[in-house]
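All remarks here apply to the structure that follows.
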There are 2 protein chains.
Amino acid sequence: MPDPERSTELLWGTRARRGLDLDTIVRTAIDLADREGLGAVSMRRVAEVLGFTTMSLYRHVPGKAELLDLMRDAVTTPPGDEQPADWRSGLEAWARAGLALYQRHPWLIESSGPRAVPGPNAVAQFERALSIVAATGLPPAQIVAVVTLVGGFVESAARQVVHTIAAERESGLTHEEFWGARDSLYEHLDRYPTLSRIYEQGGYDEPLDPFEFGLQRVLDGVATLVRDEKRDESWCVVCGDPVAVTGKGRPKEYCSRACQQKAYRKRTSAPGRDPG
Amino acid sequence: MPDPERSTELLWGTRARRGLDLDTIVRTAIDLADREGLGAVSMRRVAEVLGFTTMSLYRHVPGKAELLDLMRDAVTTPPGDEQPADWRSGLEAWARAGLALYQRHPWLIESSGPRAVPGPNAVAQFERALSIVAATGLPPAQIVAVVTLVGGFVESAARQVVHTIAAERESGLTHEEFWGARDSLYEHLDRYPTLSRIYEQGGYDEPLDPFEFGLQRVLDGVATLVRDEKRDESWCVVCGDPVAVTGKGRPKEYCSRACQQKAYRKRTSAPGRDPG
DNA sequence: ACATGAAGTATACGCCATATACTTCGGAGG
DNA sequence: CCTCCGAAGTATATGGCGTATACTTCATGT
């Protein structure tokens with residue numbers, strides 16, 4: 001069948017380039033997600049943007065799930081290697097960097113779940129957090145738990161921000177416009193005394209930033225834990241075994257009379273050292 | 001197109017219909033979601049279970065979005081009216097009740113967003129939390145922020161649990177089975193020193209319960225805030241104006257010499273009261 | 001020169017929400 | 001008693017989705 005269009009293409013060499021690779025597909029999908037949200041990322045849509053058919057993508061990627069895995073890994077930046085001054089400022093910076101990543105790529109929030117296989121960059125971020133928290137001297141299981149807590153907090157706070165932005169784009173209404181139009185809801189709220197009182201006292205006039213407020217509370221909570229652990233878990237300076245702490249009087253330094261004696265002998269036999 | 005106004009009407013209204021009625025539809029949908037997950041809730045599926053055509057549902061509910069709104073409020077139990085001993089135990093119980101709700105109805109996690117119109121029960125729960133936190137004496141905006149923080153924490157912790165359970169059902173593999181089979185991932189983890197060390201020290205052998213651990217840290221953080229606010233925001237017992245706190249010596253009780261004198265006069269003139 | 005196999009394509013299936021236009025049927029009014 | 005109305009329920013269609021299957025095209029290696 002004669003096809004003048006096809007002939008023109010061939011003659012003038014403007015035919016769509018054959019050459020579609022994984023990297024291009026992933027980048028295109030990320031671009032689409034950044035600009036129009038995860039909902040805009042469909043195999044059809046990605047292929048359309050690239051000027052290929054839907055099924056052409058399946059030559060390079062097994063399915064949509066895997067495409068999302070690749071997108072996630074591609075945007076996750078590994079941590080820098082500056083050493084933080086202390087665990088608190090380190091965790092604070094780590095949390096802020098996490099929020100920033102979610103803000104750059106809001107679709108990350110919806111795309112990840114507890115079965116998402118982590119890539120090298122994600123693990124590097126996790127390693128970083130562990131090493132920061134390890135400086136507290138907390139026992140291993142608590143280090144993991146603290147990182148899980150702070151990580152969960154960041155994700156949770158990011159989810160609020162990101163959902164709000166997504167809803168604004170999809171509906172064309174800002175947060176304030178949307179809730180401002182819910183008159184039929186507010187009519188019912190008089191029945192709730194504390195809610196009404198707090199509203200009247202201006203509790204909603206200038207809401208505190210949930211991320212900054214929450215982060216400080218969570219870190220305060222971790223600080224409390226660090227202090228407590230320091231207080232009631234002390235170690236014998238000789239053998240390293242735990243020493244029971246009574247909380248009264250001068251803190252014990254040795255776990256037993258034997259260790260105390262060992263330290264004494266070492267002290268008195270050492271040259272150039274005042275005897276105790 | 002989701003219609004929040006209509007949802008508000010349905011959630012808060014008292015109108016009832018006959019035949020295939022709203023209540024039946026909502027209950028059926030909840031049942032479906034409880035048993036097979038939110039993914040199983042489609043208009044087709046709900047109608048099929050009820051023995052009607054898909055479109056028959058639209059006689060009673062405007063669309064799927066509104067159906068979800070109704071499902072959400074239907075399963076949200078209003079708070080009891082027992083008075084908590086103190087804000088901390090009150091918030092703790094509130095948080096646990098929240099987690100339990102999510103565990104009873106895991107689909108709640110995925111169904112709600114920041115634009116979900118709250119029904120009477122959800123608002124009652126919010127009111128409850130506000131009244132508990134109000135007992136701390138924190139300023140209004142901080143009360144709201146604390147409730148937001150704890151609510152967010154509960155949702156975040158619930159999301160972990162619920163996603164894990166959902167993934168187990170969908171894949172037929174337990175959490176341990178799934179991650180146990182990721183050998184090709186673990187091969188790469190030697191490069192991360194802290195991660196390896198913590199693993200070797202048994203940091204993953206008996207993980208701390210993320211909910212219980214996190215909740216205590218968050219509440220510790222709130223407690224720190226309450227103490228701090230108490231310390232540097234004190235009020236004159238006579239006129240209520242703020243009193244500057246130096247942090248050293250006996251805390252001042254009066255904002256000025258005038259108030260101190262006023263209190264003295266009142267004290268000495270009161271009958272049946274020892275002069276100070 | 002021709003087989004091979006990868007790249008890209010066309011079509012189809014079974015899901016989804018829902019718009020539109022229909023049939024059915026109980027009950028109120030004439 | 002009949003007629004008509006409006007609500008309840010139905011049938012069909014549209015345009016989206018992921019992807020299975022089977023095809024054409026075409027550069028390359030022998």
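Numbered from 1 within each chain, the chains take letters A, B, ... in sequence-line order. Values below: every heavy atom of this structure, side chains too, minus hydrogens, waters and symmetry copies. If you're wondering where the values come from, they're calculated on a predicted model, not measured in any experiment.
- Residue B:T54 has its side chain nearest to C:dT18 when only C:dT11, D:dG9, C:dT18 are considered.
- Between B:H60 and the phosphate of D:dA7, there is no side-chain N or O to OP1/OP2 separation shorter than 4.0 Å.
- Taking atom CG of B:L22 as the reference point, atom C1' of D:dA7 lies 16 Å away to the nearest angstrom.
- When the nucleotides C:dG8, C:dT18, D:dA20 are ranked by their closest atom to the side chain of A:L20, C:dG8 comes out on top.
- Atom P of nucleotide D:dG15 and atom CZ of A:R45 are separated by 17 Å, given to the nearest angstrom.
- A straight line from OH of B:Y58 to P of C:dT18 spans 4 Å, rounded to a whole angstrom.
- In terms of heavy atoms, A:I109 sits closest to A:A158 at CD1-CB, 3.9 Å.
- Within the 4.0 Å cut-off from OP1 or OP2 of D:dG9, not a single side-chain nitrogen or oxygen of B:T53 is found.
- Rounded to an integer number of Å, the gap from B:L57 CG to C:dT18 P is 11 Å.
- A sub-4.0 Å separation between OP1 or OP2 of C:dC16 and a side-chain N or O of B:R44 is present.
- The CG-P distance, from B:L67 to C:dC16, rounds to 14 Å in whole Å.
- Residues A:P140 and B:G203 approach most closely at CB-CA, 3.6 Å, considering heavy atoms.
- Comparing C:dA10, D:dT12, C:dA17 by their closest approach to the side chain of B:M55 singles out D:dT12.
- Between the B:W94 side chain and the B:G151 main chain, no donor and acceptor come within less than 3.5 Å of each other.
- When the C1' atom of D:dC17 is taken as reference, atom CG of A:L68 falls 14 Å away, rounded to whole Å.
- For A:R182 and A:E187, the salt-bridge test fails: no basic side-chain N is under 4.0 Å from an acidic carboxylate O.
- In this structure, A:S56 does not reach the C:dA7 phosphate: none of its side-chain N or O atoms is under 4.0 Å from OP1 or OP2.
- In this structure, A:W179 and A:L185 have side chains that are in contact, with non-hydrogen atoms separated by less than 4.5 Å.
- Between A:E48 atom CD and D:dG15 atom C1' the separation is 13 Å, expressed in whole Å.
- For the pair B:F52 CZ and D:dA7 C1', the interatomic distance rounds to 14 Å; values are reported in whole Å.
- Side-chain proximity of A:R59 to D:dT19, D:dG9, C:dA7: nearest is C:dA7.
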